[in-house]
A.B. asks: 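One structure is given below, represented as structure tokens, and several questions about it will come after.
Every value quoted in this text rests on a predicted model; they were computed, and no experiment measured them.
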Amino acid sequence: LNNNRVSSSRLTIPSVLLTSIRNFLFFFTSTLDFALLVCASSEKQRASDQMEAEDNVEYSSLHRGGAKFSKVSFVPLTFLIFYGVSGGPFGVEDTVRAAGPFLALVGYLIFPIVWSIPESLITAELSTMFPENGGYVVWVSKSFGTYWGFQLGWVKWMSGVVDNALYPVLFLDYIKSSVPALANGLPRTIAILALVIALTYLNYRGLTIVAWVATVLAIFSLLPFVIMGFIALPKLEPSRWFVVDLENVQWGLYLNTLFWNLNYWDSVSTMSGEVEDPGKTIPKALFYALPLVVSGYFFPLLFGTGAVPLHRDLWSDGYFSDIAKIIGGVWLRLWVQGASAVSNMGMFLAEMSGDSYQLLGMAERGMLPDFFAKRSRYGTPLISILFSASGVVLLSCLSFQEIVAAENFMNCFGMILEFLSFVKLRIKYPAASRPYRIPLGTIGSILICLPPTLFLLVVIALCSFKVMIVSFLAILVGLIMQPCLVYCDKKKWLSFSVSSDLVELQTNYHQVVEA
């Protein structure tokens with residue numbers, strides 16, 4: 001395989017598969033080595049600094065029973081948010097196929113204003129108000145009680161696991177043109193399992209490692225699009241950007257793809273307890289991640305639609321690698337395919353981290369059995385990670401459109417609860433400590449939630465009947481599960497408890513609110 005005299009055209013499919021696996025493993029282990037090196041060099045400094053940051057309600061005194069673990073700083077948190085929301089332009093192709101270039105470009109300019117900015121602002125305020133693991137589950141529990149907090153946690157966890165099942169699918173879709181053996185059958189199944197196991201292990205090794213790996217992967221996955229943009233400049237034809245056919249727009253696919261690509265800004269809240277000085281770091285990281293995400297979508301679409309003749313039916317997941325070949329040649333196509341692979345790795349890591357720490361936070365508040373809160377020697381919630389990984393494996397057989405539609409539908413209900421919680425907390429606790437506060441009063445807080453809420457209702461209305469039925473069944477499971485868990489706790493069949501650190505912190509919080 002390493003003999004340079006062998007022509008690539010003479011390689012058999014098994015040889016190509018072995019080469020791809022070898023290169024993937026080399027990149028994976030090299031990235032892990034780099035992340036471990038960065039973490040080792042900065043761990044001492046983080047350990048000395050992590051006790052210095054305190055907010056007004058003393059949340060920083062939460063040490064998980066005396067154990068101290070490395071926390072995530074500003075730069076890696078920014079890229080962790082980037083991967084929690086985006087990961088690059090992979091997966092945006094369906095917006096062009098559904099609505100054409102003009103509406104696709106306009107969508108990635110307007111939708112961030114309507115949706116992403118309000119969601120990120122609300123996330124920044126409430127994450128600093130309650131900087132503990134569990135995030136939005138805590139917000140809703142404080143507003144509407146533990147029952148509805150659990151329902152939100154169940155729906156968001158299901159939505160996250162469904163979302164994570166998409167990334168192995170996208171990864172293989174991007175490389176199947178180079179490795180046809182991975183298009184279907186047993187090789188595809190083995191590849192999915194290998195990816196899930198490798199990336200689950202990274203999550204087990206620590207959130208700090210995951211965050212630094214995300215930083216390295218983000219740089220690698222965005223670089224080819226910067227180069228493609230420069231090469232495409234002489235080939236741009238601006239008239240191609242304004243092609244629009246309103247009679248031939250698939251609105252459901254268009255809006256679902258926009259929503260999926262610009263959603264999940266609240267996922268960082270579930271890991272708030274793992275962040276250095278969350279009152280300052282989380283708002284700052286969200287501020288920088290927002291333009292990074294939007295530009296990572298808009299400019300590749302701008303160059304791809306402007307430099308290549310329009311064939312809407314070809315714009316599906318994986319098409320950016322073909323555009324790269326047209327614009328820059330085979331070498332650029334291979335780079336884009338590699339960037340897609342590592343981008344999906346990054347998104348998988350970020351999503352699994354958010355899902356796992358959400359389960360940990362729910363267990364620390366007594367909503368789930370104690371074993372979900374057990375930490376490994378690296379400070380990671382091992383059972384929660386394995387629980388999330390098993391769900392990903394079970395759902396990886398679904399198609400791209402089925403996954404996106406199902407998770408969007410479930411996520412809509414969760415987001416409506418979050419917006420209601422934001423408004424209610426503003427009304428109920430107007431003087432509570434908020435290290436970051438949106439500079440709006442009660443009326444402004446209501447108004448900022450109206451446009452995204454209306455959009456959520458539109459997304460729900462456009463879902464297919466099949467997606468609605470499946471999603472309602474999933475929601476029904478949560479409605480039944482919570483009373484069953486309460487009954488198990490009452491009968492002592494499972495062990496539930498509220499973290500002693502959280503009990504003390506809640507007391508301090510209420511004292512501050514009353515003062």
A.B. asks: Is there a donor-acceptor contact under 3.5 Å from the side chain of Ser343 to the main chain of Gly87?
C.D. replies: yes
A.B. asks: Quick check against the 3.5 Å criterion: does Ser295 have a side-chain atom that pairs as donor or acceptor with the backbone of Pro291?
C.D. replies: yes
A.B. asks: For the backbone of Leu382 and the side chain of Thr380, can you confirm whether one donor and one acceptor N or O come within less than 3.5 Å of each other?
C.D. replies: no
A.B. asks: Do the two ring centres, one from Phe387 and one from Trp157, sit under 6.0 Å apart?
C.D. replies: yes
A.B. asks: What's the shortest heavy-atom distance between Val243 and Pro101, and which atoms?
C.D. replies: O-CD, 3.6 Å
A.B. asks: Any non-hydrogen side-chain atom of Val196 less than 4.5 Å from a side-chain atom of Phe348?
C.D. replies: yes
A.B. asks: Can a donor-acceptor pair be found, under 3.5 Å and without considering hydrogens, that links the side chain of Lys374 to the backbone of Pro381?
C.D. replies: no
A.B. asks: Any side-chain donor paired with an acceptor under 3.5 Å for Ser127 and Thr123?
C.D. replies: no
A.B. asks: Quick one: does any side-chain atom of Arg240 pair with a main-chain N or O of Leu310 as donor and acceptor, under 3.5 Å?
C.D. replies: no
A.B. asks: Do Trp315 and Phe320 have their ring centres less than 6.0 Å from each other?
C.D. replies: yes
A.B. asks: In this structure, which one of Leu202, Val210, Thr270 forms a side chain to side chain contact (heavy atoms under 4.5 Å, CB included) with Ser353?
C.D. replies: Val210
A.B. asks: For the residue pair Leu302 and Leu105, establish whether any side-chain heavy-atom pair is separated by less than 4.5 Å.
C.D. replies: yes
A.B. asks: Any side-chain to backbone donor/acceptor pair from Glu93 onto Gly91? Under 3.5 Å, distance only.
C.D. replies: yes
A.B. asks: Thinking salt bridges, do Lys156 and Asp266 make one under a 4.0 Å N-O criterion?
C.D. replies: yes
A.B. asks: Looking at residues at least two apart in the chain, or sitting in another chain, which of them share a side chain to side chain contact (heavy atoms under 4.5 Å, CB included) with Val294?
C.D. replies: Pro112, Leu290
A.B. asks: Is there a side-chain contact between Ile282 and Pro131 (heavy atoms, below 4.5 Å)?
C.D. replies: no
A.B. asks: Working to the nearest 0.5 Å, report the span between CG of Leu360 and CG of Asp355.
C.D. replies: 12.5 Å
A.B. asks: Which atom names give the shortest non-hydrogen contact between Ala124 and Tyr436, and what distance separates them?
C.D. replies: CB-CD2, 3.7 Å
A.B. asks: Tell me the closest heavy-atom pair linking Ser86 and Val293, and the distance in Å.
C.D. replies: CB-CG1, 3.6 Å
A.B. asks: Under 6.0 Å between ring centres: does that hold for Tyr288 and Phe74?
C.D. replies: yes
A.B. asks: For Asn164 and Gly160, indicate whether the former's side chain and the latter's backbone hold a donor-acceptor pair under 3.5 Å.
C.D. replies: no
A.B. asks: Could you go through the side chain to side chain contact (heavy atoms under 4.5 Å, CB included) check for Leu236 and Trp241 one step at a time?
C.D. replies: CA-CA 10 Å; Leu236 292 179; Trp241 296 330; 4.2 Å; yes
A.B. asks: For the aromatic rings, using the six-membered ring if either is Trp, is the centroid distance between Phe225 and Phe299 under 6.0 Å?
C.D. replies: no
A.B. asks: Can you tell me how far apart CZ (Phe372) and OG (Ser356) are? Round to the nearest 0.5 Å.
C.D. replies: 10.5 Å
A.B. asks: How many angstroms lie between CG in Leu349 and CG in Leu217, if you round to the nearest 0.5 Å?
C.D. replies: 7.0 Å
A.B. asks: Determine whether more than 12 heavy atoms belonging to other residues, nucleotides or ligands lie under 6.0 Å from atom CZ of Phe102.
C.D. replies: no
A.B. asks: Any side-chain donor paired with an acceptor under 3.5 Å for Tyr264 and Asn411?
C.D. replies: no
A.B. asks: Compare every heavy atom of Met352 with every heavy atom of Ile385, then report the nearest pair and how far apart it is.
C.D. replies: CG2-SD, 3.9 Å
A.B. asks: Nearest 0.5 angstrom please: Leu121 CG to Leu126 CG, how far?
C.D. replies: 11.0 Å
A.B. asks: Among Trp260, Phe259, Trp265, exactly one meets ring-ring contact (aromatic ring centres under 6.0 Å, His included) together with Trp115. Which residue is that?
C.D. replies: Phe259
A.B. asks: Parallel, tilted or perpendicular: which one describes the rings of Tyr136 and Trp139, with boundaries at 30° and 60°?
C.D. replies: perpendicular
A.B. asks: Applying side chain to side chain contact (heavy atoms under 4.5 Å, CB included) to Asp313 and His311, what does each step give before you reach the verdict?
C.D. replies: CA-CA 6 Å; Asp313 55 316; His311 299 284; 3.9 Å; yes
A.B. asks: Test your reading of the model: is there a side-chain donor-acceptor pair from Ser340 to the backbone of Val336, 3.5 Å cut-off?
C.D. replies: no
A.B. asks: Does the side chain of Met271 reach to within under 4.5 Å of the side chain of Leu80, using non-hydrogen atoms?
C.D. replies: yes
A.B. asks: Do Ser384 and Tyr357 have side-chain N/O donor and acceptor atoms under 3.5 Å apart?
C.D. replies: no
A.B. asks: Can you give me the closest heavy-atom contact between Ala211 and Pro76, atom names plus distance?
C.D. replies: CB-CB, 3.4 Å
A.B. asks: Any side-chain donor paired with an acceptor under 3.5 Å for Glu274 and Asn133?
C.D. replies: yes
A.B. asks: Is it the case that the ring center of Tyr108 lies less than 6.0 angstrom away from the ring center of Phe298?
C.D. replies: no
A.B. asks: Could you grab the distance from atom OH of Tyr297 to atom CG of Leu292, nearest 0.5 Å is fine?
C.D. replies: 10.5 Å
A.B. asks: Can you tell if the side chain of Ile113 reaches within under 4.5 Å of the side chain of Pro451, non-hydrogen atoms only?
C.D. replies: no
A.B. asks: Enter the distance from Arg375:CZ to Ile383:CD1 here, rounded to the nearest 0.5 Å.
C.D. replies: 13.5 Å
A.B. asks: Work out which heavy atom in Ile81 is nearest to a heavy atom in Ala285; give both atom names and the distance.
C.D. replies: CD1-CB, 3.7 Å
A.B. asks: Taking side chain as C-beta onward, heavy atoms only, is Phe455 less than 4.5 Å from Leu255?
C.D. replies: yes
A.B. asks: For the side chain of Ser159 and the backbone of Val155, is there at least one donor-acceptor N/O pair under 3.5 Å apart?
C.D. replies: no
A.B. asks: Answer whether the closest heavy-atom distance between the side chains of Val96 and Thr305 falls below 4.5 Å.
C.D. replies: yes
A.B. asks: Would you call Glu132 and Val138 a side-chain contact if the rule is heavy atoms closer than 4.5 Å?
C.D. replies: yes
A.B. asks: So does Arg97 pair up with Asp94, basic N to acidic O under 4.0 Å?
C.D. replies: yes
A.B. asks: Does Phe422 form a side chain to side chain contact (heavy atoms under 4.5 Å, CB included) with Ile438? I'd like the steps, not just the answer.
C.D. replies: CA-CA 11 Å; Phe422 168 68; Ile438 302 174; 3.8 Å; yes
A.B. asks: Show, in sequence, the C-alpha distance, side-chain angles and deciding distance for Lys284 and Thr281, and conclude whether the side chain to side chain contact (heavy atoms under 4.5 Å, CB included) test is met.
C.D. replies: CA-CA 5 Å; Lys284 185 178 178 182; Thr281 305; 5.9 Å; no
A.B. asks: Do we see a donor-acceptor contact under 3.5 Å between the side chains of Ser221 and Tyr83?
C.D. replies: yes
A.B. asks: Say whether, by atom type as modelled, one donor and one acceptor occur between the side chain of Arg437 and the main chain of Glu125 under 3.5 angstrom.
C.D. replies: no
